[in-house]
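Structure first, commentary second.
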Amino acid sequence: MPSQKDPSSASDNSAQNQSAHNALEAAGIDSAAISYPHNPDFENGRWFPTWRPYKGDLDRDPVGINDYLPPSKSVLLGIQHTFAMFGATVLAPLLMGFDPNLAILMSGICTVMFFMITGGRMPSYLGSSFAFIGPVIAVTAYAGAGFNANLNVALGGIMACGIIYALIGLLVMKTGTGWIERLMPPIVTGAIVMIIGLNLAPVTIQGVSANQFDAWMATLTVLLISGVAVFTRGMLRRLLLLVGLVLSYIAYFVLTNILGFGTAIDFSAVAAAAWFGLPSIHTPRFEMSAIILIAPVAFILVAENLGHFKAVEGMTKSRVTPYMGRAFFADGLATTFSAGFGGTGVTTYAENIGVMAVTKVYSTTIFVVAGVVAIILGLSPKFGAIIQTIPAALLGGASIVVFGLITIAGIKIWIDSHIDFSKNSNLIIAAVTVIMGTGNFSLHLGGFDLGGIGTATLAAIVLNALFNKSSDVK
């Protein structure tokens, strides 16, 4: 753990802010338009901010990063974040042949690690990263069902990726974020955040379109979550995903288990599961061929998380950019730790950022609660079995809402950064990136499949470097 002295404050902080402003001005953005007021409790020069009890009105006032709510409300909001990450955190390991219960356990541990290393200044949940799916399948020749027999080889590559990512974080902590922001200004990061939501949309829609009953149940879930978001107030509105899923689960149970429509919920796995048990641990094996294919994912994670952090900064109106190096380092270290025990690579979750966007609760203490809940689930096969009884149609309906919120968060980055779309360069960068990512257009570099998100990320960075170069020179 670094020292309690905040390396990103004082002179370093002002230098980083100046470099960030220079980068924004070079990209044709009014930096003053997106500067935020000084918060002495948040920017206190120490490793952790000064925590303060929330005293606002939940119907009207957002909950700040360094605010904390009463324990009962914190637990409910933390459970909601666990629900928000659950579908993707379980789906990613299933697609790669990893143990989903271990992935849940590692996501909880890594989220708590992230909170400690970032000093509680970045409201984020760390879950299984989809960026690893293509490279892992290529390395392991995974058939798509059951346990991945070559899992150990993939784990070695993921650990190497995490180490590279952590080193990038240390470099950013030392040199500031200016060079990253010049490489990936808001026109780039906004597009990347958008395509993360849009790229996952087809998979979600296909998953709930297998039959008309599932399609209607997914639609009902969307309506219930939306109804909670629009027509309720206070704490109930903040729990829109949790409340919406519970209501849709009850409706699904009545329609299937009682009235006989659709596929009934099977509780046999819940009855058979033990209350407590450790997931299987796997040992990584380091092979250069796997490392070469998987390690470059680190650069996709940098671009992805830069977009996430900019979205967080725009939502919270707090200067989190000076702490971005910590966040990169923490995510890289967490990815290395997770893969060291057999878990997936992890990343900050846009799903949970989407939840923050609609609930206006940004407190990082909520994510500690979510991490602890995930650890409990990961250590309890019975709890895991209960969660896994949630029908895919309901998770798909919730994903429609969450992925839509992710997409809008990318647009919000453009709006908050006052991107000038009268410039053809910005139009082309945004248009090409969004269509590439949404259509899952993928390029191969040697044996490395960039995937749709990776290809679009690379295209955005290259196009920005080419088309906005004259602005940088001037």
Side-chain angles (χ1 to χ4, degrees), residues 36 39 42 49 54 56-69 73-89 107 111 114-115 118 120-127 189-190 193-194 196-197 225-226 228-230 232 234-245 304-321 323-324 327 331 347-371 373-374 398-413 415-416:
Y36 304 116
N39 181 346
F42 186 74
Y54 177 72
D57 182 351
L58 279 174
D59 283 336
R60 184 183 67 251
D61 304 317
V63 180
I65 292 177
N66 55 314
D67 291 339
Y68 62 88
L69 292 165
K73 293 181 179 180
S74 296
V75 168
L76 289 174
L77 288 162
I79 292 173
Q80 176 169 253
H81 274 292
T82 305
F83 269 83
M85 70 84 192
F86 184 83
T89 293
S107 75
T111 297
F114 186 87
F115 172 85
T118 60
R121 297 179 186 272
M122 284 284 192
S124 296
Y125 189 95
L126 297 192
T189 54
V193 171
M194 279 186 66
I196 290 169
I225 293 174
S226 303
V228 174
V230 174
T232 63
M235 194 65 190
L236 197 60
R237 173 181 284 184
R238 304 305 175 104
L239 296 171
L240 76 163
L241 275 177
L242 181 59
V243 173
L245 274 175
E304 176 186 13
N305 287 319
L306 178 63
H308 290 175
F309 300 146
K310 283 299 179 183
V312 167
E313 190 167 62
M315 287 188 298
T316 62
K317 301 297 185 290
S318 298
R319 283 188 282 262
V320 301
T321 294
Y323 311 102
M324 209 175 285
D331 193 8
T347 185
T348 58
Y349 251 31
E351 288 88 337
N352 298 87
I353 293 174
V355 172
M356 285 193 293
V358 74
T359 62
K360 305 297 188 296
V361 178
Y362 310 120
S363 172
T364 50
T365 58
I366 301 297
F367 290 93
V368 176
V369 175
V373 172
S399 297
I400 291 172
V401 176
V402 170
F403 293 158
L405 291 171
I406 295 168
T407 303
I408 299 304
I411 298 174
K412 193 171 185 299
I413 291 176
I415 294 173
D416 291 343

| message | Within the structure provided, determine whether Ile408 and Ile411 are in side-chain contact (heavy-atom separation under 4.5 Å). | response | yes
| task | Check whether any side-chain heavy atom of Thr364 lies under 4.5 Å from a side-chain heavy atom of Pro123, and answer yes or no. | result | yes
| field | From CG (Leu77) to OG (Ser363), nearest 0.5 Å | value | 9.0 Å
| note | Note: Gly127 and Ser107 closest approach over all heavy atoms is CA-CB, 4.2 Å
| Under the ring-ring contact (aromatic ring centres under 6.0 Å, His included) test, which residues partner Phe367, sequence neighbours left out? | His81
| task | Kindly indicate whether the side chain of Leu126, heavy atoms from C-beta on, has any atom under 4.5 Å from the side chain of Thr348. | result | yes
| query | How far apart are the C-alpha atoms of Val312 and Met356, what are their side-chain angles, what is the distance that settles it, and do they pass the side-chain contact (heavy atoms from CB on, under 4.5 Å) test? | reply | CA-CA 9 Å; Val312 167; Met356 285 193 293; 4.1 Å; yes
| field | Atom of Val63, atom of Tyr54 and distance for their closest heavy-atom approach | value | CG2-CE1, 3.7 Å
| Can you check whether Ser74 reaches Tyr68 side chain to side chain, under 4.5 Å on heavy atoms? | no
| query | CD1/Ile366 to OH/Tyr125 distance, rounded to the nearest 0.5 angstrom? | reply | 14.0 Å
| request: Drop me the distance from Arg319's CZ to Ile65's CD1, to the nearest 0.5 angstrom. | output: 12.0 Å
| message | Is a donor from one side chain sitting under 3.5 angstrom from an acceptor on the other, for Ser124 and Asn352? | response | no
| request: Step by step, work out the side-chain contact (heavy atoms from CB on, under 4.5 Å) result for Met324 and Leu306. | output: CA-CA 8 Å; Met324 209 175 285; Leu306 178 63; 3.1 Å; yes
| Minimum heavy-atom distance between Val320 and Glu313, given as atom pair plus value | N-OE2, 3.1 Å
| task | Apply ring-ring contact (aromatic ring centres under 6.0 Å, His included) to Phe309 and list each qualifying residue two or more places apart in sequence or on a separate chain. | result | Phe328
| task | Apply side-chain contact (heavy atoms from CB on, under 4.5 Å) to the pair Lys73 and Val361, showing each step before the final yes or no. | result | CA-CA 11 Å; Lys73 293 181 179 180; Val361 178; over 6 Å; no
| remark: Note: Val369 and Val75 closest approach over all heavy atoms is CG1-CA, 3.8 Å
| Which pair of heavy atoms, one from Pro49 and one from Gly120, lies closest together, and at what distance? | CG-O, 4.1 Å
| request: Report the distance from atom CE of Met194 to atom NZ of Lys412, rounding to the nearest 0.5 Å. | output: 14.5 Å
| query | If you round to the nearest 0.5 Å, how far is OG of Ser318 from OH of Tyr362? | reply | 9.5 Å
